[in-house]
Amino acid sequence: MAKLAPYRAKRDFTKTSEPAGKAARRTGFSFAVQKHEASRLHYDFRLELDGVLKSWAVAKGPSLVKGEKRLAVHVEDHPVDYGDFEGTIPEGQYGGGTVLLWDRGTWEPEGDPHEGYDKGRLTFRLDGEKLRGTWHLVRMAKRPRERQESWLLIKAEDAFARSEDDTDILEEAPLSVKTGRAIEEISGKPSKAAPKKRAAAKKSATKADPPKGATRRASSSATAKGDHRVDVAGVSISHPDRVLWEEQGLTKQELAEFYVGIADWILPHLVDRPLTLIRCPSGSAKKCFVQRHSWAGLSDFIHRSMVSDDKDGKQEVLTVRDIQGVVALVQSGVLEMHIWGATLQDLERPDRLIFDLDPGEGVDWPQVIEAATAVRERLKGMGLVSFVKTTGGKGLHVVVPLTPRAAWKDALAFTRGFAEAMAADEPDRYTTTSVKQEREGRIFIDYLRNNREASAVAPYSTRSRPGAPVATPVSWDELTPDLRPNGFTVENLPERLRRLKKDPWSDLPSIDQTLPEAKSTRRKAKR
DNA sequence: GAAGCAA
DNA sequence: TTGCTTCAACGCATG
DNA sequence: CATGCG
Ligand SMILES: [Mn+2]
Ligand SMILES: [Mn+2]
């Protein structure tokens, strides 16, 4: 019979002991549930209809809890005699693994089963050795690239239904109804399944029982709690109370409001610069990841541009234009914003160079200050004005604004030459190689930030580190041993900015300077 | 955080 | 339904 | 050529 063609096509009956089967002519309604330890453990739920077993793979097995939905992926029809099968399927064969006949019996549809099946709403009563009572099988709406239909197996309310606190039938009665064996006895191997820890279900059900009518819709996600959102600067924030920095108790909403409060300070440094994002949706101490390209569900406040590649093709970059964009980044779990040293106006010619000063093991802070000052003086000797910021980590960034003229290649060559000259002059203090060994007791001058694809933490960006530190522009005369590279934080930065009234880098936009072309060095004010 | 994919 | 996975990139130094 | 590093 054609119905079983897919079943047969998947199997080599010279290798497996599963029945080849033939569509039965009888009209009785049998059902079977087979525990199948294959690539993943699942339960195959089978109902006899029209001479075959209509089959669903139930990932987590049936639940006796009323209303609890178990995904049931509709799989190919099986022959009726398969419903009695128990044994092993050779590795490498379709469904290779161990099959245990977990339950069997008869089923009785409520209403016309063909109509119910076609409409995707089957209601039926089971009379098995383990499963009894009324159940629903409901077909879900078809998803875009769905390969197999998804159904839900749901226990209906009746005398056989159990509460959430009752024992799970799968654990209570794991053995075969055919042979009484456990799955390990059938496979001959110890179970592949990791020993699962005794989860809940361990409640002394005597006292403090929940009031009867208050039965939650069995873990239905619509529990009237925590899922609220707030609006910050017109951007919707989910989980506003999620704590992002544990020690500070700093929440997502507070982070968003922090950025809104310093919008005028951060935006000049951020707008239109391609971003590299550090996202930590579950908090700074949890798993973080880097993102440079757009993702499904990207906020309209975060802008995507297709720009020319370094070479032949195109690449996509992300930018923000306003504080809404920054808040949208916070909503995405962004804890660090890193920026290119060029803007969308001219991505091929950097307008900011950066010397990243990273103290190695055993270098104390005053030496880092000396290094920054040395970089500044050397730059000054070439007619270049520079600015400094804390990184929020252990070091400092010295930033050189440029009128975009030189290409990245030349900018890199310049900074490399500069850094190597410093290391050559004072090899005990500086190194330009990132190798750990070399950096011990020295300051690593990382000139590689000055690459087209590279980036450095943006001024006024938070860092995903203990204390919620903020990378902070400072004036050169603030650079004293009292200052700490991670001393400015979400907590104290607003106060600093209130005192300052203007950005220590406020002169930066008016600087008009270019790389010294071998000899000529120029500097003058714009306009 | 949000999607896609698999079970 | 639920759980798992993915989410960048490149120049440079070294063995 | 594969890793480690930022
Ligand atoms: Mn199976
Ligand atoms: Mn650094």
Side-chain angles (χ1 to χ4, degrees), chain A residues 36-45 56-63 67-75 95 138-141 143-154 218-221 229 236-239 242 244 252 274-283 286-299 302 309-311 315-318 328-335 338 340 354-358 360 391 393-395 397 408-409 412-413 415-416 419-420 431-439 444-457:
Chain A
H36 187 182
E37 193 174 73
S39 51
R40 299 277 230 291
L41 176 68
H42 60 272
Y43 291 75
D44 291 298
F45 186 84
W56 291 262
V58 183
K60 300 179 73 178
S63 166
E68 202 161 288
K69 297 162 181 160
R70 291 295 163 89
L71 184 73
V73 175
H74 204 343
V75 296
V138 183
R139 186 167 60 222
M140 295 169 69
R143 287 168 300 117
R145 279 167 301 283
E146 176 176 274
R147 307 186 61 88
Q148 303 164 111
E149 289 177 357
S150 291
W151 294 58
L152 296 170
L153 177 64
I154 309 164
S219 77
S220 138
S221 51
R229 305 178 72 98
S236 176
I237 297 287
S238 66
H239 306 112
R242 169 156 308 156
L244 265 15
K252 196 171 161 189
L275 296 163
T276 296
L277 307 168
I278 310 296
R279 300 178 60 190
C280 318
S282 309
K286 298 296 196 338
K287 196 80 186 164
C288 300
F289 57 91
V290 179
Q291 190 141 11
R292 316 182 76 185
H293 307 308
S294 63
W295 58 90
L298 186 75
S299 163
I302 303 169
D309 210 43
D310 218 357
K311 5 191 183 309
Q315 67 181 151
E316 185 191 50
V317 298
L318 298 179
L329 291 176
V330 172
Q331 164 55 18
S332 310
V334 170
L335 262 41
H338 295 243
W340 286 25
I354 189 160
F355 293 96
D356 174 15
L357 306 178
D358 271 343
T391 61
K394 289 194 294 206
H397 285 174
W408 279 108
K409 162 173 67 64
L412 182 65
T415 53
R416 175 176 186 161
E420 285 175 345
T431 179
T432 62
T433 143
S434 67
V435 178
K436 284 274 191 209
Q437 178 91 249
E438 289 291 314
R439 293 166 57 179
F444 170 43
I445 306 179
D446 183 2
Y447 63 87
L448 283 171
R449 304 296 90 224
N450 302 291
N451 252 309
R452 185 180 188 273
E453 314 283 327
S455 61
V457 68

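Of the candidate nucleotides C/dA8, C/dT1, C/dC10, C/dC10 has the atom nearest to the side chain of A/E453. Considering only the side chain of A/K69, C/dT1 comes nearest among C/dT1, C/dC12, B/dA3. Comparing C/dA8, C/dT1, B/dA3 against the side chain of A/M140 picks out C/dT1 as the nearest. Listed nucleotides: C/dG3, B/dA2, B/dA7. Nearest to the side chain of A/Q331: B/dA2. Each of C/dT1, C/dT2, C/dA8 was ranked by its minimum atom distance to the side chain of A/H293; first place goes to C/dA8.
Residue A/A57 is out of contact with every strand shown, counting any heavy-atom pair closer than 4.0 Å. Looking at heavy-atom distances under 4.0 Å, A/K409 makes no contact with the nucleic acid at all. Residue contacts shown for A/T276 are absent, as no nucleic acid heavy atom lies under 4.0 Å away. Using a 4.0 Å heavy-atom criterion, one finds that A/R452 contacts no nucleic acid atom at all.
Side-chain nitrogen and oxygen atoms of A/Q315 include none within less than 4.0 Å of the OP1 or OP2 phosphate oxygen of C/dA9. Put simply, A/R416 has a side-chain N or O that comes within less than 4.0 Å of OP1 or OP2 on C/dC12.
Note: NE2 (A/H74) to P (B/dA6) measures 19 Å, nearest angstrom. Put simply, CZ on A/R139 is 17 Å from C1' on C/dT1, counting in whole angstrom units. Summarising the geometry, the separation between CG on A/L318 and C1' on B/dA2 is reported as 15 Å, rounded to the nearest angstrom. Between A/L71 atom CG and C/dT1 atom P there is a gap of 9 Å when expressed in whole angstrom units. Remark: P of C/dG11 and CD of A/E420 are 16 Å apart, rounded to the nearest angstrom. Rounded to whole Å, atom P of C/dC10 lies 10 Å from atom CG of A/N451. Residue A/H42 contributes atom NE2, which lies 16 Å from atom P of B/dA6 at whole-angstrom precision. Spacing between atom OH of A/Y43 and atom P of C/dT2 amounts to 18 Å, rounded to whole angstrom units.
To the nearest whole angstrom, the two C1' atoms, one in C/dT6 and one in D/dG6, are 23 Å apart. Rounded to whole Å, the separation between the C1' atoms of C/dA8 and D/dC5 comes to 15 Å.
The backbone N or O of A/L153 lies less than 3.5 Å from no partner atom in the side chain of A/R70, so there is not a single donor-acceptor pair. Between the side chain of A/H338 and the backbone N or O of A/T276, no donor-acceptor pair lies under 3.5 Å. A/E316 places a side-chain N or O within donor-acceptor distance of the main-chain N or O of A/S294, the cut-off being under 3.5 Å.
Separation of atoms OG1 (A/T433) and CG (A/D446) is listed at 10.5 Å; rounding is to 0.5 Å.
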Which protein N or O atoms sit under 3.5 Å from an N or O of nucleotides 3-6 of chain D?
unit_1: D/dC5; atom_1: O3'; unit_2: A/R439; atom_2: NH1; d: 3.4
unit_1: D/dG6; atom_1: OP1; unit_2: A/K436; atom_2: NZ; d: 3.1
unit_1: D/dG6; atom_1: OP1; unit_2: A/R439; atom_2: NH1; d: 2.9
unit_1: D/dG6; atom_1: O3'; unit_2: A/D358; atom_2: OD2; d: 3.1

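Every residue meeting the side-chain contact (heavy atoms from CB on, under 4.5 Å) condition with A/L152, not counting sequence neighbours, appears here in chain and number order: A/K69, A/L71, A/M140, A/I154. Residues satisfying the salt bridge (charged side-chain N to carboxylate O under 4.0 Å, His left out) criterion with A/R229, sequence neighbours excluded, are absent altogether.
Positionally, the nearest nucleotide of DNA chain C for A/R70 lies more toward the 5' end than for the other of A/R70 and A/E438.
In this pair, A/W56 and A/W151 present their aromatic rings perpendicular. The plane angle is above 60°, beyond the 30 to 60° band.
Using a 4.5 Å heavy-atom cutoff, the side chains of A/V290 and A/I278 are in contact.
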